[in-house]
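Shown next, in structure tokens, is the structure this report addresses.
We count residues from 1, following the sequence as given. It should be emphasised that the depicted structure is a prediction, and the values quoted were computed from it without experimental measurement.
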Amino acid sequence: MRRPYLRDDLRASIEAGALRSRGGGARAVSAEGLFSVLSEADGDVYRHTARRKTMRIALGSRAYFAKLHQGVGWREIAKNLLVLKQPVLGACNEFEACLRLRDHGVPAPKVAAFAELGLNPAKRRSFVVCDALEGFISLEDLGNAWSANPPDPRLKRRLIVAAGRLTAAMHAAGVNHRDYYVCHLLANRAKLDVGEVELVVIDLHRAGVRGRVRKGWRRRDLAALLYSAQAATLTRQDLFRFVGAYTGGRPAAAVRQQRSFWRSVERRAERLRAKGSTTGLALPGAWRDDLSDIPSVSRLADVGRTPRLPFRFDADLGRGPRRLVCTEVLRTQPGRRLVMRATLDGRDAVLKAFFGPRAARDLRRERAGVAALGHAGVCTPEPLGTGRGGGARILAFEHVADARTPTPEDAEGLIVLLAHLHNAGLRQRDLHIGNFLVRGDDVFAVDGAAVRPSPRIGSSRGLSDVARLLAEFPAQRLPPLEPLMQRYAEARQGSAGFQSPRVSAEDFGRLVDAARRGRIAKWVAKTVRECTAFSVGRRHGRRVVCNRGDDDPALAAVVADPEGAMAAGSVVKAGNTATVVRLGELVIKRYNVKNSRHLLGQRLRRALRTSRSRRAWRAGHGLRFAGVSTPWPRALIDEPRPKVGKAIAYLVLDDVRGTPLAEAMRCGGFDRDLAKRVGTLFRAFRTARLSHGDTKASNFLVADGEVTVLDLDAATFHRSPRRFARRHRRDLERFLRNWDELPDDVRQLLVGESQSAPSGRRA
């Protein structure tokens, strides 16, 4: 590992407090602290993947580019070693390449900071900070503009000569780029305006630093440069001029002396060109000048979950090369799929990009499913083309304007569409509302990959699919189930192999409840791992789980300094094991460590069962997913090394103001309407198989006409019906003990609404 490096001017800016996180965190000069603050610093993010983040930050009057690398993982290391390649483990390559090039007088970014953290090569974190190059333009954008507006021939010749000399100097310094495309060569705009040329080479994170660059590595760099420069309409004379600048002699003599080498460069460039848009690099053609300021993406697999929008990329969808502009990311599945809204030939389109080892299979399934939907007469967006681009296989669809996500009021239309699918011998294996759109009276099916043929779909399997679809909606908002079941049977009449279902409405309700428990279980499992809805990572040395896209500055301040936020808030509860404070619109609950015995017990509990803070986090999201009113959990912060007298975890929630249930009962009486709402709440507990564990009156509020449940530290989701029945009975008995003089009719209403034996299989 290399020693950390921090330039004096950047150190002075950091010590002066110029670099702070979004939450206003204190300055940090250590490698660990600087990495943490850079991860949360404000700036323009150009690329953010699971392994790497590139961003521009401003400190005072100066701007910097920072690249943060996470561990590459053993799979990536093994993949490179198996093909006899040296794996790139972090920012060390770029740091060494920049220093080597600048020592040899080759224009490259000036390094301001560098550090590596960790000994394990698969988990090693690192970062490099370089001075930003202001007023520069990439040769890719410059060459694309030449297609419509030819440049001054003298300026073009100077650029070609400068590129050849810079490439020769880079190789002479013992550096091969390994990603040497024209987009990684920048030219000074101000000097171009006066006919002068100044070039800088950037993006050296894959560069190899050697004593001598052998012929094979030089061939790869030159072939990549030749291929990526094809949009600049280079002539044969231009290529000879580059060869002369690169070799430092007469072009004709250089070509004659190394004929086999230059032919191999040309053949390799042809192979890259044959791959076309599969590699995601620039395609030939005239591009609009007004797109030059939009950042380009060479590989869609690298854009991450939250890319900087808009971005552009090149693709061929069957009608020749096109430059597309992505305006919105609809769904991401890292390493496999990206769904986005983009501008294609001046019209809005939805693109599904597939990459990774299963890309061909995923595309084939999507096309087959879309064709099957069309043959079945089901509304689905019209396909616009299939092709490749951005290093991915792409399927383009018409954008359905003015469409919306289905609501419980659209349940009947969804069921009719599902019946049409079943009549055509098709099943949708991924039944969730995100795969359907509603526009007016039309319901669209938008996911063809999960549509599979199923020749005989009887009433049992069909009702099971209906139940899974209805389970997407909260039980409290669904219309009566019996008419929906009858509507499905009516739509299936006359279908081959279908007989009227012999299922009662009560049994169908249990089927929907079982499907809903399955949905809740899947959702709860997602709350503690990295996914589309939740972000998991280390911030300021702590493990933080939060809702993805939640950019509330107040929440960021709490995550940056939980203890400072606790000190600034007003105390609501000061207990031995937990302290609760209110800070603005947030409530922060700190889980305390009382003594050494308690600390040992907490460590054992972490290893053997779920902690109280994580239970509350999971239960809060699970209940909200089920339609139950409870404060929205905003962040879960775990301390890595808890100590006696300190916190073991923090739970941040939305503040909910309302009337305590006990007070509402004293003021207005426990009337039948309030009893019905409480009974509905306990029925939702039963549907989700969640035991609260502490149903005292103070843990319930009446807010906005709903009964809101609080304090979910002891809440547990159960898989066993019998175990849940015992816990649920205890919850109800403890709740009823809050009111000894409750009228018999109200007590019976509560018991009748909520205490029925749970049944059905495990969800």
State whether the side chain of [X] and the backbone N or O of [Y] hold a donor-acceptor pair below 3.5 Å, judged by distance alone.
{"X": "Ser126", "Y": "Ala91", "answer": "yes"}
{"X": "Arg158", "Y": "Gly195", "answer": "yes"}
{"X": "Arg51", "Y": "Gly71", "answer": "yes"}
{"X": "Asn93", "Y": "Ala207", "answer": "yes"}
{"X": "Thr343", "Y": "Gly346", "answer": "no"}
{"X": "Asn80", "Y": "Glu76", "answer": "yes"}
{"X": "Arg206", "Y": "Arg178", "answer": "yes"}
{"X": "Glu530", "Y": "Ser535", "answer": "no"}
{"X": "Asp103", "Y": "Arg100", "answer": "no"}
{"X": "Arg341", "Y": "Cys326", "answer": "no"}

*Would you please test Asp447 and Arg429 for salt bridge (charged side-chain N to carboxylate O under 4.0 Å, His left out) and show each step?*
CA-CA 10 Å; Asp447 185 11; Arg429 299 295 184 91; over 6 Å; no

Atom [atom1] in [X], atom [atom2] in [Y]: separation rounded to 0.5 Å?
{"X": "Arg165", "Y": "Leu199", "atom1": "CZ", "atom2": "CG", "value": "11.0 Å"}
{"X": "Leu133", "Y": "Ser138", "atom1": "CG", "atom2": "OG", "value": "12.0 Å"}
{"X": "Arg323", "Y": "Asp314", "atom1": "CZ", "atom2": "CG", "value": "4.0 Å"}
{"X": "Arg250", "Y": "Gln257", "atom1": "CZ", "atom2": "CD", "value": "10.5 Å"}

*Within 45° of the six-membered ring axis of Phe313 and under 6.0 Å from that ring's centre, is NZ or CZ of Arg299 located there?*
no

*asked:* Does the structure place the NZ or CZ of Arg56 under 6.0 Å from the centre of the six-membered ring of Tyr64, at an angle of no more than 45° from the ring's axis?
replied: no

For a 4.5 angstrom cut-off between non-hydrogen side-chain atoms, does [X] reach [Y]?
{"X": "Asp221", "Y": "Leu225", "answer": "no"}
{"X": "Leu159", "Y": "Leu192", "answer": "yes"}
{"X": "Glu366", "Y": "Val370", "answer": "yes"}
{"X": "Val536", "Y": "Arg548", "answer": "no"}
{"X": "Val329", "Y": "Leu338", "answer": "yes"}
{"X": "Leu185", "Y": "Val200", "answer": "no"}
{"X": "Leu38", "Y": "Val129", "answer": "yes"}
{"X": "Tyr246", "Y": "Val161", "answer": "no"}

*Going by the angle between their ring planes, with limits at 30° and 60°, are Tyr180 and His177 parallel, tilted or perpendicular?*
tilted

So which atom in [X] and which in [Y] form the shortest heavy-atom distance, rounded to 0.1 Å?
{"X": "Ala445", "Y": "Thr380", "result": "O-OG1, 2.8 Å"}
{"X": "Arg219", "Y": "Ser264", "result": "NE-OG, 2.8 Å"}
{"X": "Pro109", "Y": "Val201", "result": "CD-O, 3.2 Å"}
{"X": "Phe136", "Y": "Arg189", "result": "O-NE, 4.2 Å"}

*asked:* What I want to find out is whether Asp131 reaches Arg62 closely enough, with some N-O distance under 4.0 Å, to be called a salt bridge.
replied: yes

*Is it true that Arg236 and Glu266 make a salt bridge, defined as a side-chain N closer than 4.0 Å to a carboxylate O?*
yes

*asked:* Testing Lys352, Arg336, Arg367 one by one against Asp362 for a salt bridge (Lys or Arg N to Asp or Glu O under 4.0 Å), which residue passes?
replied: Arg336

_Check for me whether the distance between the ring centres of Phe114 and Tyr5 falls short of 6.0 Å._
no

*Applying side-chain contact (heavy atoms from CB on, under 4.5 Å), run through Val303 and Phe311 and close with a yes or a no.*
CA-CA 9 Å; Val303 301; Phe311 64 81; 4.2 Å; yes

*Under the salt bridge (charged side-chain N to carboxylate O under 4.0 Å, His left out) rule, what do Arg125 and Glu116 come out as? Steps first, then yes or no, please.*
CA-CA 6 Å; Arg125 295 175 295 156; Glu116 288 182 319; over 6 Å; no

*asked:* One pair to check against side-chain contact (heavy atoms from CB on, under 4.5 Å): Val451 and Leu373. What are the steps and the verdict?
replied: CA-CA 8 Å; Val451 175; Leu373 290 174; 4.1 Å; yes

*Which residues satisfy the side chain to side chain contact (heavy atoms under 4.5 Å, CB included) test with Arg210, sequence neighbours excluded?*
Asn176, Trp217

_Pair Ile394-Leu300, side-chain contact (heavy atoms from CB on, under 4.5 Å): steps then yes or no_ = CA-CA 10 Å; Ile394 298 179; Leu300 293 174; 4.2 Å; yes

*Donor + acceptor pair across side chains of His184, Asp203 (<3.5 Å)*: yes

*With sequence neighbours left out, write down each residue that passes salt bridge (Lys or Arg N to Asp or Glu O under 4.0 Å) with Asp430, or none if nothing qualifies.*
none

_Check against side-chain contact (heavy atoms from CB on, under 4.5 Å), Lys67 and Lys53_ = CA-CA 6 Å; Lys67 287 188 180 181; Lys53 181 179 180 181; over 6 Å; no

